[in-house]
Protein chains: 2
Amino acid sequence: MTADPVMRTYEGVIDSIRHMLLTGEVSPGDRLPSERELADALGVSRPMVREALRTLEVLGVVAARRGQGPAAGTFILTEPSPALATLLDMEFTLERFDLADVIDTRVMLERWAILSMPADADLSAAAHALSMMSEPLTREELMEWDLSFHQAIVDCATNRLAAHLYRSLRGAMHQRLADSLASIDAEAWESFWRRVMREHRMIYAALDSGDRERAADLSEKHVTRHYLRRP
Amino acid sequence: MTADPVMRTYEGVIDSIRHMLLTGEVSPGDRLPSERELADALGVSRPMVREALRTLEVLGVVAARRGQGPAAGTFILTEPSPALATLLDMEFTLERFDLADVIDTRVMLERWAILSMPADADLSAAAHALSMMSEPLTREELMEWDLSFHQAIVDCATNRLAAHLYRSLRGAMHQRLADSLASIDAEAWESFWRRVMREHRMIYAALDSGDRERAADLSEKHVTRHYLRRP
DNA sequence: TGCTCGAGTGTGGTCAGACCACACTGCGGC
DNA sequence: GCCGCAGTGTGGTCTGACCACACTCGAGCA
């Protein structure tokens with residue numbers, strides 16, 4: 001304790017804004033007072049307010065738009081942002097954990113989501129993603145629909161935190177995944193795509209028939225194989 | 001795509017610093033050039049450099065110390081910071097997910113950690129935390145050693161990402177946990193503490209005897225009961 | 001009357017320069 | 001040889017200014 005030598009000004013501003021949120025003075029979707037007003041009201045300079053707002057922006061709490069009128073200003077976001085993915089990507093860059101950690105965690109989340117899925121889960125989003133993969137795809141399209149397919153499955157578990165974590169893990173790996181796919185030459189691409197699609201279909205079929213254990217196992221093998229590149 | 005109307009100056013600074021990290025120009029533990037030098041080198045103003053450094057500070061990438069000499073300046077951190085907990089706490093404040101989500105996810109992580117623990121896992125940290133709980137405790141002490149106990153178990157899984165997630169989830173709930181414990185009156189406190197301790201002992205005993213399934217089940221019941229307050 | 005265009009205005013985005021608080025460095029005097 | 005204090009470079013903060021932008025609204029025109 002007593003580990004706080006000083007309270008930095010911008011932290012005080014963040015606390016003030018957090019307090020506004022907790023008391024309901026502002027709510028998601030609302031516009032914050034302007035930077036100049038905030039600075040004046042809190043008795044600090046505008047640069048300090050801006051430092052606070054920048055951090056809140058990176059954390060996915062607010063977004064700023066300039067100009068004048070109802071669309072301009074700094075707003076409390078209603079939807080999660082890629083902030084978590086940004087953070088995880090940073091940690092990854094700093095080598096605070098490695099690819100195997102990320103994949104293990106991803107597999108854990110997906111297994112759990114499949115096994116705890118409610119009986120009446122709506123699989124239509126997964127089915128749609130599956131159908132979109134039936135025709136030849138570019139690498140970008142495959143990444144997009146592969147993400148949609150797996151995310152749709154995890155979303156069925158109705159745990160928003162877990163779904164958000166899953167999305168962020170995948171987001172943090174996105175660039176590395178793209179690099180990995182780019183290394184597959186044109187000849188091998190079609191067979192690669194077909195195999196991915198076939199595995200997706202098997203996972204979906206297992207889910208659709210209610211065989212969760214099998215779906216979980218198939219999913220684990222699928223993810224582990226393609227991400228760790230051990231065909 | 002093309003969703004980037006403009007590149008903000010501070011984002012460019014962040015990219016420059018990230019680039020320095022990727023090329024090895026600076027490494028964890030190193031000192032960054034001073035704010036004035038960075039501003040000069042990148043052709044931007046010092047406030048913009050500061051906005052970038054503030055966000056990196058919140059993300060747990062750097063830390064600043066003032067003064068003069070080898071200990072002063074802005075450093076790349078070598079250890080993870082509570083950044084993830086801060087972020088999750090924010091998301092929680094914004095009600096982007098709820099307590100049940102957090103607990104479910106925590107239980108998932110702990111179950112997984114227990115079931116995938118290597119056979120030769122070192123349980124001494126958990127044993128130590130357990131022994132520290134044998135004597136009457138304050139609420140703060142109980143929270144501290146309870147965290148140590150569970151964290152020690154998750155750390156055994158040797159997945160740094162999962163361990164970090166677990167720690168952050170727990171960190172994001174810390175204040176709410178404290179509020180919850182504060183509502184237990186002095187008379188009920190001792191029996192509460194004893195029950196928590198007994199359950200910890202049972203979990204440890206199951207782990208120590210190699211009965212992971214039982215340990216996982218006990219752990220799940222333990223966490224769910226105390227956090228959802230359904231005795 | 002209705003439309004267009006331009007000045008006005010308030011927002012975030014950026015800059016320059018200054019001063020403070022701090023902690024080390026090193027010189028000077030004792 | 002030791003102590004103390006001025007010097008110096010760091011982050012921390014403030015002030016005031018200007019720019020870019022997007023809307024608002026009224027003047028002027030058709």
Side-chain angles (χ1 to χ4, degrees), chain A residues 2-17 20 26 28-77 81 83, chain B residues 2-17 20 26 28-77 81 83:
Chain A
T2 77
D4 291 350
V6 283
M7 174 82 150
R8 312 253 232 102
T9 304
Y10 86 93
E11 293 178 305
V13 175
I14 292 178
D15 281 348
S16 299
I17 294 174
M20 289 188 214
V26 294
D30 288 355
R31 198 174 84 167
L32 236 38
S34 75
E35 295 178 353
R36 292 167 178 86
E37 283 178 59
L38 274 175
D40 205 47
L42 300 176
V44 301
S45 67
R46 201 177 147 213
M48 294 301 102
V49 171
R50 285 182 61 79
E51 287 188 7
L53 291 177
R54 271 310 71 66
T55 68
L56 290 177
E57 186 172 285
V58 168
L59 291 178
V61 178
V62 306
R65 280 192 296 270
R66 64 176 153 187
Q68 198 257 22
T74 304
F75 291 81
I76 310 288
L77 293 178
S81 76
Chain B
T2 76
D4 291 351
V6 283
M7 175 79 151
R8 312 252 232 103
T9 304
Y10 86 93
E11 291 177 307
V13 176
I14 291 178
D15 282 348
S16 298
I17 294 175
M20 289 187 214
V26 294
D30 288 355
R31 196 174 85 166
L32 236 39
S34 75
E35 296 178 352
R36 292 167 178 85
E37 283 178 60
L38 275 176
D40 207 46
L42 300 176
V44 301
S45 69
R46 202 178 148 212
M48 293 301 103
V49 170
R50 286 182 60 80
E51 287 188 6
L53 292 177
R54 273 309 72 66
T55 67
L56 290 177
E57 185 172 286
V58 168
L59 290 178
V61 177
V62 306
R65 280 193 294 272
R66 63 175 154 188
Q68 197 257 23
T74 304
F75 291 81
I76 309 289
L77 293 178
S81 75

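Hydrogens, waters and symmetry mates play no part in the numbers below; they use all other heavy atoms, side chains included.
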- prompt: Rounded to whole angstroms, how far apart are CD on B:Glu11 and C1' on C:dG12?
  reply: 14 Å
field: Pairwise 5' ranking along DNA chain D for B:Leu32 and A:Gly67, keeping only the more 5' one
entry: B:Leu32
task: Quickly work out the B:Tyr10 OH to C:dC15 P distance and round it to whole Å.
output: 14 Å
message: Mind checking if A:Gly69 touches a base, just sugar-phosphate, or nothing, with heavy atoms under 4.0 Å?
response: sugar-phosphate
message: Can you tell me which nucleotide in C:dG13, D:dT10, D:dG12 comes closest to the side chain of B:Glu35?
response: D:dG12
query: Under a 4.5 Å cut-off applied to non-hydrogen side-chain atoms, are B:Arg8 and A:Glu57 in contact?
result: yes
Over all atoms of both residues, closest heavy-atom pair of A:Met7 and A:Asp15: CE-OD2, 3.1 Å
- prompt: Taking OP1 and OP2 of D:dG12, is either one under 4.0 Å from a side-chain nitrogen or oxygen of B:Arg50?
  reply: yes
field: Rounded distance (Å) that lies between atom C1' of D:dG11 and atom CD of B:Glu51
entry: 16 Å
- request: Report the nucleotide, chosen from D:dC21, C:dA18, C:dT14, that has the shortest atom-to-atom distance to any side-chain atom of A:Arg66.
  value: D:dC21
query: Base, sugar-phosphate, or nothing for B:Pro70, non-hydrogen atoms under 4.0 angstrom?
result: sugar-phosphate
message: Please report the distance, rounded to the nearest Å, between CZ in B:Phe75 and C1' in D:dG11.
response: 12 Å
- request: Provide, to the nearest angstrom, the distance between the CE atom belonging to A:Met48 and the P atom belonging to D:dG16.
  value: 16 Å
query: Is the backbone of B:Ala52 close enough, under 3.5 Å, to the side chain of A:Arg54 for a donor and an acceptor to pair up by distance?
result: no
message: Rounded to whole Å, please give me the gap between CZ in B:Arg31 and C1' in C:dC24.
response: 11 Å
- prompt: Does any residue of residues 52-64 of chain B have a heavy atom under 4.0 Å from DNA chain D, and if so, which ones, in number order?
  reply: B:Arg54, B:Ala64
query: D:dG9 C1' sits how many Å from B:Gln68 CD, rounded?
result: 5 Å
4.5 Å side-chain heavy-atom contact, B:Val13 and B:Leu38: no
- request: Look at the side-chain N and O atoms of B:Thr74 and state whether any lies under 4.0 Å from the OP1 or OP2 oxygen of D:dG11.
  value: yes
statement: Shortest non-hydrogen pair, A:Pro28 vs A:Leu77, comes out as CB-O, 3.6 Å
message: Below the 4.0 Å mark, does C:dT14 have OP1 or OP2 next to a side-chain nitrogen or oxygen of B:Thr9?
response: yes
query: Contact class for B:Arg65 (heavy atom, under 4.0 Å): base, sugar-phosphate, or nothing?
result: sugar-phosphate
- request: Flag the pair A:Arg50 / B:Tyr10 as yes when at least one side-chain heavy-atom distance between them is below 4.5 Å, and no otherwise.
  value: no
4.5 Å side-chain heavy-atom contact, A:Leu32 and A:Leu53: yes
- request: Please determine if a side-chain N or O atom of A:Arg8 lies less than 4.0 Å away from the OP1 or OP2 oxygen of D:dG12.
  value: yes
message: Applying a 4.0 Å non-hydrogen cut-off, can you work out what B:Glu37 is touching in the nucleic acid: base, sugar-phosphate, or nothing?
response: sugar-phosphate
- request: Provide, to the nearest angstrom, the distance between the CZ atom belonging to B:Arg46 and the P atom belonging to C:dG17.
  value: 13 Å
message: Using a distance-only criterion (donor-acceptor N/O pair, under 3.5 Å, no hydrogens), is the base of D:dG11 paired with the side chain of B:Arg36?
response: yes
query: Is the backbone N or O of B:Ala39 less than 3.5 Å from a side-chain atom of B:Arg46, with the two atoms forming a donor-acceptor pair by type?
result: no
